[in-house]
Amino acid sequence: MELIASINGSINGIVWGPPMLILLVGVGILLTIRTAGVQFRKFGYAMKNTLGKIFKKSEAGEGEITPFQAVTTALAATVGTGNIAGITAAVTLGGPGSIFWLWITALIGMCTKYSEVLLSIKFRERNEYGDWVGGPMYYIKNGLGKNWKWLGAIFCVFGALAAFGIGNAVQVGNITSAVNTVITSFNPDFAGQSTVNLVLGIILAVAAAFVFFGGVKRLGSVTEKLVPIMAIIYIVSCLCVLVWNAKYLPAIFADIFSGAFSPAGATGGAVGSMMLVITWGVKRGVFSNEAGLGSAPMAHAATSEKDPVRQGLYGIFEVFMDTIVICTLSGLTVLCGFYAGGVEMTYGVMGNTSLNAAALGTVFGMKGGSIIIALCLALFAFSTVLSWCLYGARCCEFLLGSKSIKIYQALFVIVIVVGATMDLSLAWDIADTLNGLMAIPNLIALVGLSGVVVKETKDYFENRHKNFD
């Protein structure tokens, strides 16, 4: 087992190390250049046609979900525990300057996600149940050509296996951990964690099964309600901390910008490497919004929207909401708590969600902060489980046909209970590696089909947008 762990650790270091991060950002830069910065030029248009139409009622046909349901399903997967714990780790290990590089990664990632979503609509197809299916495997097969289908299959193998860990057991484990933290905050001597974990695992499995076996329309119906609720709870809670500690914000933003290029000055010498600051900022940005990994396009492909560019705009909105808004609020909240003296944080030492709870505690009290973080972690994690089952099932379907979907979903439900009750850290570490490997086939396809993205974008803004505006 130690040998397997060592081999996986070496591969993971490459998959999630600087070379892959450079590749992910590099493809985003290429797409940004080729589309003449569509995410910047058309940002206002994108917000008007996504955020501005959230409350506009729309209908979806059989085997489809509305454009908003598609983006909330994708956001359900991307807005996860990394938006809280991951950003706290970046701030503590990379200093305030890591938030600046998080922003840079998100601004570039907007174009990557836009391109992925556009291609998923352009090259999607109907399965034997009449549902729209798409994603990297389909734009590889239908865009690059059938001779490249093997590359799509490789993506699906990585995706189907990774979903059991990174999109299931890891998330369930975070839920049980959060609940146990709240329980012990009220009763430090509580010794029934194993029983609580089992009960939680069963409850989560039943709730997830209800959604999974209801098909993509039920999934869309659940996420369009769950995602706004969980986002509002977290955003409002963080904003309360920022308003309460507003006098520290000028100093915090000064340290963010200075720490991006002179980390030693912003952290008192605890973080002295600019490369470390960049790495943590870029890594958390990529982990959080998943731009380039190829996961979200599988959700967007189910939309009733027929125009690839119009749905692609939701990709821009998705990265903006996930990273620019939610991740930034996480980082600023922890820093506000630290500057106000309510958070005991040491730069260079990895922090965890206890720092987020302590920061919220400066306004809501320690127990109140712990409850809010536990609730948000539970909602974020459960929503991720729901969406990643869809991703894994779509990958399995591409490999084995539509009849394999129910079998995959049944296995996914079983793993929920296993993840709640057992420590399978090595298995989840391997799944994390597989999650990163998904990006390679997808990035190859994005580069190969970048011309299609350019053509569709140009044609839409020169001609087709008149049909909608």
Side-chain angles (χ1 to χ4, degrees), residues 8 11-12 15-16 20 23-24 27 70 73-74 76-78 80 82 112-113 116-117 119-120 123-125 127 131-144 148-171 208 212 216 219 286-302 315 383-402 404-413 415-416 419 427-446:
N8 180 69
I11 298 173
N12 190 277
V15 169
W16 287 119
M20 177 60 80
L23 184 60
L24 283 161
V27 170
T73 300
T78 55
T112 306
K113 186 66 73 75
E116 291 177 299
V117 175
L119 292 172
S120 73
F123 295 108
R124 65 183 176 176
E125 57 188 59
N127 67 7
D131 296 343
W132 279 120
V133 292
M137 55 284 211
Y138 290 97
Y139 54 73
I140 287 172
K141 184 187 75 169
N142 299 329
L144 293 181
W148 287 88
K149 187 176 179 180
W150 60 271
L151 188 64
I154 290 175
F155 171 87
C156 289
V157 170
F158 292 149
L161 294 175
F164 285 118
I166 206 73
N168 186 332
V170 169
Q171 305 301 327
F212 297 162
V216 69
L219 175 61
V286 170
F287 276 22
S288 175
N289 59 54
E290 298 181 10
L293 297 189
S295 50
M298 291 184 274
H300 285 277
S383 69
T384 298
V385 170
L386 297 181
S387 293
W388 269 93
C389 182
L390 172 67
Y391 299 164
R394 287 289 181 249
C395 289
C396 187
E397 178 183 21
F398 185 83
L399 294 169
L400 303 173
S402 298
S404 66
I405 294 175
K406 297 298 183 186
I407 297 173
Y408 185 90
Q409 290 172 330
L411 290 173
F412 208 83
V413 170
V415 172
I416 291 176
W428 314 148
D429 287 344
I430 293 173
D432 182 49
T433 301
L434 293 170
N435 185 219
L437 288 170
M438 290 169 60
I440 297 174
N442 184 51
L443 293 175
I444 292 171
L446 287 176

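Just the heavy atoms: all of them, side chains too, but no hydrogens, waters or symmetry mates, feed the values below. Please read these numbers as outputs of a predicted model, since none were measured by experiment.
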[Y] backbone acceptor or donor facing [X] side chain under 3.5 Å:
| X | Y | result |
| --- | --- | --- |
| Lys113 | Asn289 | yes |
| Glu116 | Gly294 | yes |
| Ser404 | Gly401 | yes |
| Thr73 | Ala299 | no |
| Asn142 | Phe123 | yes |
| Asn127 | Ser402 | no |
| Ser383 | Ala76 | yes |
| Tyr408 | Ala160 | yes |

Could you go through the salt bridge (charged side-chain N to carboxylate O under 4.0 Å, His left out) check for Glu125 and Lys141 one step at a time?
CA-CA 11 Å; Glu125 57 188 59; Lys141 184 187 75 169; 3.2 Å; yes

Within the 3.5 Å criterion, strictly below it, is a donor on Ser295 or Glu290 matched to an acceptor on the partner's side chain?
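Side chains of Ser295 and Glu290: pair found under 3.5 Å.
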
Quick check: Phe398 with Phe155 (ring centres under 6.0 Å apart)?
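Here the rings of Phe398 and Phe155 have centres that are no less than 6.0 Å from each other.
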
Angle class for the Trp388/Tyr391 ring planes (parallel below 30°, perpendicular above 60°, tilted otherwise)?
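Rings of Trp388 and Tyr391: perpendicular, as their planes differ by over 60°.
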
In terms of relative ring orientation, are Phe212 and Phe412 parallel, tilted or perpendicular, with 30° and 60° separating the classes?
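The arrangement is perpendicular - the two ring planes meet at more than 60°.
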
Can you tell if the side chain of [X] reaches within under 4.5 Å of the side chain of [Y], non-hydrogen atoms only?
| X | Y | answer |
| --- | --- | --- |
| Glu397 | Val133 | yes |
| Leu443 | Leu23 | yes |
| Leu399 | Met137 | no |

How far does CD1 of Ile444 sit from CD1 of Ile140, to the nearest 0.5 angstrom?
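Interatomic distance, Ile444 CD1 to Ile140 CD1, rounded to 0.5 Å: 7.5 Å.
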
From Ile166 atom CD1 to Met438 atom CE, the distance as rounded to the nearest 0.5 Å
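So the CD1 of Ile166 and the CE of Met438 are separated by 10.5 Å.
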
Please determine which of Ile416, Val385, Leu386 meets the side-chain contact (heavy atoms from CB on, under 4.5 Å) test together with Gln171.
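Going through Ile416, Val385, Leu386 one by one, the side-chain contact (heavy atoms from CB on, under 4.5 Å) with Gln171 is satisfied by Val385 alone.
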
